[in-house]
2 protein chains.
Amino acid sequence: MSIKDIAKLAGVSASTVSRVVNQRQYVKPEIRERILALVKQTGYVPNNAARSMVLKRTFTVGIVIPDTFNMFQRELFSIIEHHLEGFGYRTSFFFVKWEPESEMKCLRKLKGEKLDGIIMIHEVSHPEFYEYLTASSLPVVLCTFDRPELEFLSIHVNEEEGARAATQHLIELGHRRIGLLSGSYFSFAAQRTVGYKAALEAAGLAFDEGIVERAPSYSAEEGRDGMRSLLSRAKGLTAVFAETDELAIGAIRTLFEAGLSVPGDLSVVGFDDIDICAFLSPGLTTVRQPIHEMGKKTAELMSALIAGELAGVDSTTFGFELIVRESTARPRA
Amino acid sequence: MSIKDIAKLAGVSASTVSRVVNQRQYVKPEIRERILALVKQTGYVPNNAARSMVLKRTFTVGIVIPDTFNMFQRELFSIIEHHLEGFGYRTSFFFVKWEPESEMKCLRKLKGEKLDGIIMIHEVSHPEFYEYLTASSLPVVLCTFDRPELEFLSIHVNEEEGARAATQHLIELGHRRIGLLSGSYFSFAAQRTVGYKAALEAAGLAFDEGIVERAPSYSAEEGRDGMRSLLSRAKGLTAVFAETDELAIGAIRTLFEAGLSVPGDLSVVGFDDIDICAFLSPGLTTVRQPIHEMGKKTAELMSALIAGELAGVDSTTFGFELIVRESTARPRA
DNA sequence: TGAAGTTCTGAAAACGTTTGCAGATAACGT
DNA sequence: ACGTTATCTGCAAACGTTTTCAGAACTTCA
């Protein structure tokens, strides 16, 4: 069912059908109605491929996201998609593994799609990826991370300050020996670690590598394993700061298995405030990123970038919020 | 950077470039190498839109999934995507709300994309949606549900038997008053309810509407609220069967808030075995769907359907597995 | 030497759209 | 009645590919 079929049925040319479908110029009301009726009746929808060929835009923005995306990222892209739709853009997802091979495959796909813009939800490892983005002069927005040395717009929170606040919360409760459950790859891991150290330092506490565990990734499973390792070698811990909620959940599991109570024996803080935090038992104390505002802003920036409305378009650092629930308490006397 | 640019650079016609890129027919080795070098150097990738116009296929299959997709569905589509990629297909996601309007919007998008096939991960409410799928004679696979009255292939587990097994597990532990936390919309809710009733009946226990709570959807939040309602009006409960893990998680949260212990005071069983079940404290007893096999089979079916290899292509009912963790125990004497 | 392949290459058409241009008709003001 | 403008419509080109067809150049073989 193509535009020509509709044209034939309506006894007009394809141009005319195109004009009514796209609401362009003058079309005699009578003919317009006839065509509209035919469109509705046949369920005709223009072929995107053909359309994008002549218009040289796809009205589609690509979202690149790790294939291991967590619930925070999942919610984030739903929000972004929603707002992008409001601006008239479709969304295409690209799930990529933390492997050069996967990233290059993703890059090929991106190129083939001829997208109008690209939103990166989290980083990639291969420099060629960013090089292409720069060279292509495509609209790009980095969401939840930044690469200040590259010239991309970025939407993010101050990771360092967030981690600092989380750690400080534990210190204020009276904790002195606070373990760190860190992640890998992504730059926020390093940034959150910096914040953890800063809080320690501000309180006059020494940073001790012996109570730091660096997990290979960010899953609950790795949080569980990391905490096991930590528990076996770091004695005297009364609290743990996990750099993501998933790591925290895994850590709590290990504590449960070891017969330790949270927050009775150990306090735990996470980061991100994924949905499930509020429904855990105990509820997880964590650092909330303003996910709705961030997603909205990301879509707005992208839309402005595509439209070439560069006034007022700039990177934004959002504030975070420490959400205190039940997984943190004063250390046992 | 189009095929013509490459052709010009190589001093040949576009046809020849096309032939080497697609590895067709004879091309003089010397020229082939020259073109290949140019392709690598320029990073040329064929334009999908143009390609799909002439080939009349997109090598893309659409996956329709509720925008509230849970972790089970999230994992499922990752698996499907992975296998589909192995068959040479791209994947395009369509997140749809349980609202006619959203579904119709999705339908328009599907039509515009000219997909090679469509995988439905969960149901839609608007009959017109299925009507289009039927009328279009597109390859369609329903994954995790079935519509026997329609002629689509389907991959699913026996929901009824799964729920029956979950309930029976509670009965065998000695529970007699087992609440039900049910969901809405999707047909599996009704099927799981039937299984619950069947187990009760088989054990000679009466079905009691008074200890059934029907949540408006399937989120942890709704599980929490549903359990609150159940707790206030259904006295004497010693166990609850929640029709999804998320409902179960919410239910456990309510129990925690009420100062009741799981499984000490109440046993809880879920359904699906989403990733997090094993990391909760206590770990959630649940019914596992063989998600990897189901995803693989779905991709295989789709691939066969598109290729027209209809031999051996048929719906499959997969077995489930009761995973007993720590959220269920004998009732307190 | 010539006929019959085999290997290689390019011109052109096609896919489904949109749009500039030009032509046709209608409406209007004088 | 006539020029001017406003309204309407279709033709044809273009977008970036793939593929059929035909023809050219080279091999092979009698």
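Naming convention: chains lettered A, B, ... in sequence-line order (proteins, then strands); numbering from 1 in each chain.
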Write out all pairs satisfying ring-ring contact (aromatic ring centres under 6.0 Å, His included) with one or both partners inside residues 8-66 of chain A, taking only residues at least two apart or from two chains. none
Sequence-distant partners of B/Thr317, side-chain hydrogen bond (donor to acceptor under 3.5 Å, both in side chains), two or more places apart: B/His156
Show every side-chain hydrogen bond (donor to acceptor under 3.5 Å, both in side chains) that has at least one partner inside residues 296-311 of chain A, sequence neighbours left out. A/Lys296-A/Glu300
B/Glu30 CD to D/dC26 P, straight-line distance once rounded to whole Å: 13 Å
Take atom CD1 of A/Ile31 and atom C1' of D/dT9, then tell me their distance rounded to the nearest Å. 8 Å
Assess the pair B/Phe95 and A/Phe93: is the distance between their ring centroids shorter than 6.0 Å? yes
Mind calculating the distance between CD (B/Gln23) and C1' (D/dT19) to the nearest angstrom? 17 Å
side-chain N/O A/Tyr26 vs D/dT7 OP1/OP2, d < 4.0 Å: yes
With sequence neighbours excluded, what pairs up with A/Glu103 under the salt bridge (charged side-chain N to carboxylate O under 4.0 Å, His left out) test? none
Among residues at least two apart in sequence or on other chains, which ones pass salt bridge (charged side-chain N to carboxylate O under 4.0 Å, His left out) with A/Glu75? none
What is the first contacted nucleotide of DNA chain C and what is the last, in 5' to 3' order, if contact means an atom lying under 4.0 angstrom from a heavy atom of chain B? C/dT7 to C/dG16
What residues form a salt bridge (charged side-chain N to carboxylate O under 4.0 Å, His left out) with B/Arg51, not counting sequence neighbours? none
Are a donor atom and an acceptor atom from the side chains of A/Glu123 and A/Ser187 found within less than 3.5 Å of each other? yes
Applying salt bridge (charged side-chain N to carboxylate O under 4.0 Å, His left out), name anything that partners B/Arg57, two or more places apart in sequence or on another chain. B/Asp116
When rounded to whole Å, the NZ to P distance for the pair B/Lys114 and D/dT17 reads 21 Å
Tell me: CZ of A/Arg24 to C1' of D/dT9, nearest whole Å? 16 Å
Taken in chain and number order and not counting sequence neighbours, the residues that satisfy side-chain hydrogen bond (donor to acceptor under 3.5 Å, both in side chains) with A/Glu81 are none
Under 3.5 Å, side-chain donor or acceptor atoms of residues 64-73 of chain A against the rest of the protein: list the pairs with distances, not counting sequence neighbours.
{"from": "A/Asp67", "atom 1": "OD2", "to": "A/Lys97", "atom 2": "NZ", "distance (Å)": "3.3"}
{"from": "A/Asn70", "atom 1": "OD1", "to": "A/Phe72", "atom 2": "N", "distance (Å)": "3.0"}
{"from": "A/Asn70", "atom 1": "OD1", "to": "A/Gln73", "atom 2": "N", "distance (Å)": "2.9"}
{"from": "A/Gln73", "atom 1": "OE1", "to": "A/Asn70", "atom 2": "N", "distance (Å)": "2.9"}
{"from": "A/Gln73", "atom 1": "NE2", "to": "A/His122", "atom 2": "ND1", "distance (Å)": "3.1"}

Identify all pairs in which a protein N or O lies below 3.5 Å from an N or O of nucleotides 10-12 of chain D, and state each distance.
{"from": "D/dG10", "atom 1": "OP2", "to": "A/Ser13", "atom 2": "N", "distance (Å)": "2.9"}
{"from": "D/dG10", "atom 1": "OP2", "to": "A/Ser13", "atom 2": "OG", "distance (Å)": "3.1"}
{"from": "D/dG10", "atom 1": "OP2", "to": "A/Thr16", "atom 2": "OG1", "distance (Å)": "2.7"}
{"from": "D/dG10", "atom 1": "N7", "to": "A/Arg19", "atom 2": "NH2", "distance (Å)": "2.7"}
{"from": "D/dG10", "atom 1": "O6", "to": "A/Arg19", "atom 2": "NH1", "distance (Å)": "3.3"}
{"from": "D/dG10", "atom 1": "O6", "to": "A/Arg19", "atom 2": "NH2", "distance (Å)": "3.4"}
{"from": "D/dC11", "atom 1": "N4", "to": "A/Ser15", "atom 2": "OG", "distance (Å)": "2.9"}

Quick check on the helix from C/dT1-D/dA30 to C/dT30-D/dA1: what's the angle between its two end axes, five base pairs per end, to the nearest 10°? 50°
